[in-house]
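Indexing begins at 1, ligand by ligand and atom by atom, following the structure's order.
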Amino acid sequence: MIDLHMHTSRCGHAEGTLEAYVAAARAAGIATIAFTDHLPLPAEILARDPHAAEYAMPEEQLDAYVADVLAVRALSAASGGPEVLLGIEADLHPGNESHVRRLLERHPLDIVLGSVHFVDGWAFDDPDRRDGYSDWDVRALWERYFDDLIAAAQTGLANVIGHADLVKKFGYVPEGDLAPLYERAASAFAAAGVVVEVNTAGLRKPCAELYPSAGFLRALRAADVHVTTGSDAHTPAEVGAGLAEAREALLAAGYDRVTIFRNRIGEEISL
Ligand code: ZN
Ligand code: FE
Ligand code: FE
Ligand code: ZN
């Protein structure tokens, strides 16, 4: 299996060095990993939310992050693996495209995850910001989140859409049929040519299921959207966590391949 989503202590809310993650992946027998620390946030988000300093590395550390991942990649290759890819998880919300583009274009990235963690500047996945859910009708929130997620895919900035139904994290799920929402997103992702990750972090959160859900995954398969897998580890012990469940869910949805990215070019490998 491949684990193309993990964070290190550099992002301000995860634990562990690059070396510790590589050692954990080697011990777990994972062939390929991608480091995907959070891309530095734009000034307007940092000014608006005092927590935001702990959501991502500061901009002045981005060059050091890239250099450190490239160094650990060489070290890992010389010590029997795993293969280490240079990735980033970029926040894609309306108005953030030029900030993201400016930061991405300077670096030799293998993979860019595009994620929506903010709606109208509200970090809806921060456990300390859960009070924000009381301002929303859940159905309206989901519609708005999916609009922003589709727009994120359409920017062309991301290879992979991260944790595609993250809005369910704390268990706020609308009543009624969600299939039309999933089908709308799936056809937009197919048209945009983005891959979707099966992210196992949801198994460790109140929602207690993979991102995306089984129903969403079926809609993605029906639209021929390609997929990859990631643990979204925030400690070395979480590297590879849940990948067996991800594989089962993919097989059940009819997938037999996952996509890996090198130099931002996708290649399908057998699951
Ligand atoms: Zn994180
Ligand atoms: Fe994320
Ligand atoms: Fe992440
Ligand atoms: Zn994440």
Worksheet item: If the Fe ion (ligand 3) is the vertex, what is the angle to OD1 of Asp232 and NE2 of His5, rounded to 10 degrees?
Response: 80°
Worksheet entry | Arg262 bridged to Glu83 by N-O distance under 4.0 Å | yes
Practice prompt. Return the orientation label for the His38 and His234 ring planes: parallel under 30°, perpendicular over 60°, tilted otherwise.
Written response: tilted
Worksheet item: Do the rings of His13 and His7 sit parallel, tilted or perpendicular, given the 30° and 60° boundaries?
Response: tilted
Worksheet, complete the sentence: Among the N/O/S atoms of Glu89, the Fe ion (ligand 2) lies closest to OE2
Worksheet item: If you look at His117, which of its N/O/S atoms is nearest to the Fe ion (ligand 2)?
Response: NE2
Item to complete: Have a look at the Zn ion (ligand 1) and estimate, to 10 degrees, the angle subtended by NE2 (His38) and NE2 (His234).
Response: 140°
Fill in: Sequence-distant partners of Glu59, salt bridge (Lys or Arg N to Asp or Glu O under 4.0 Å), two or more places apart
Arg102
Practice prompt. Only counting residues at least two apart or in another chain, list the ones meeting salt bridge (Lys or Arg N to Asp or Glu O under 4.0 Å) with Asp165.
Written response: Lys168
Practice prompt. Verify the distance test for His163 against the Fe ion (ligand 3): any N/O/S atom under 2.8 Å, yes or no.
Written response: no
Discussion item. At a threshold of 2.8 Å, where the distance has to be below it, does the Zn ion (ligand 1) have an N, O or S atom of His13 nearby?
Written reply: yes
Fill in: Metal site the Zn ion (ligand 1): N/O/S of His7 inside 2.8 Å
no
Practice prompt. Establish, for the pair Arg221 and Tyr255, whether the NZ or CZ atom is under 6.0 angstrom from the six-membered ring centre and no further than 45 degrees off its axis.
Written response: yes
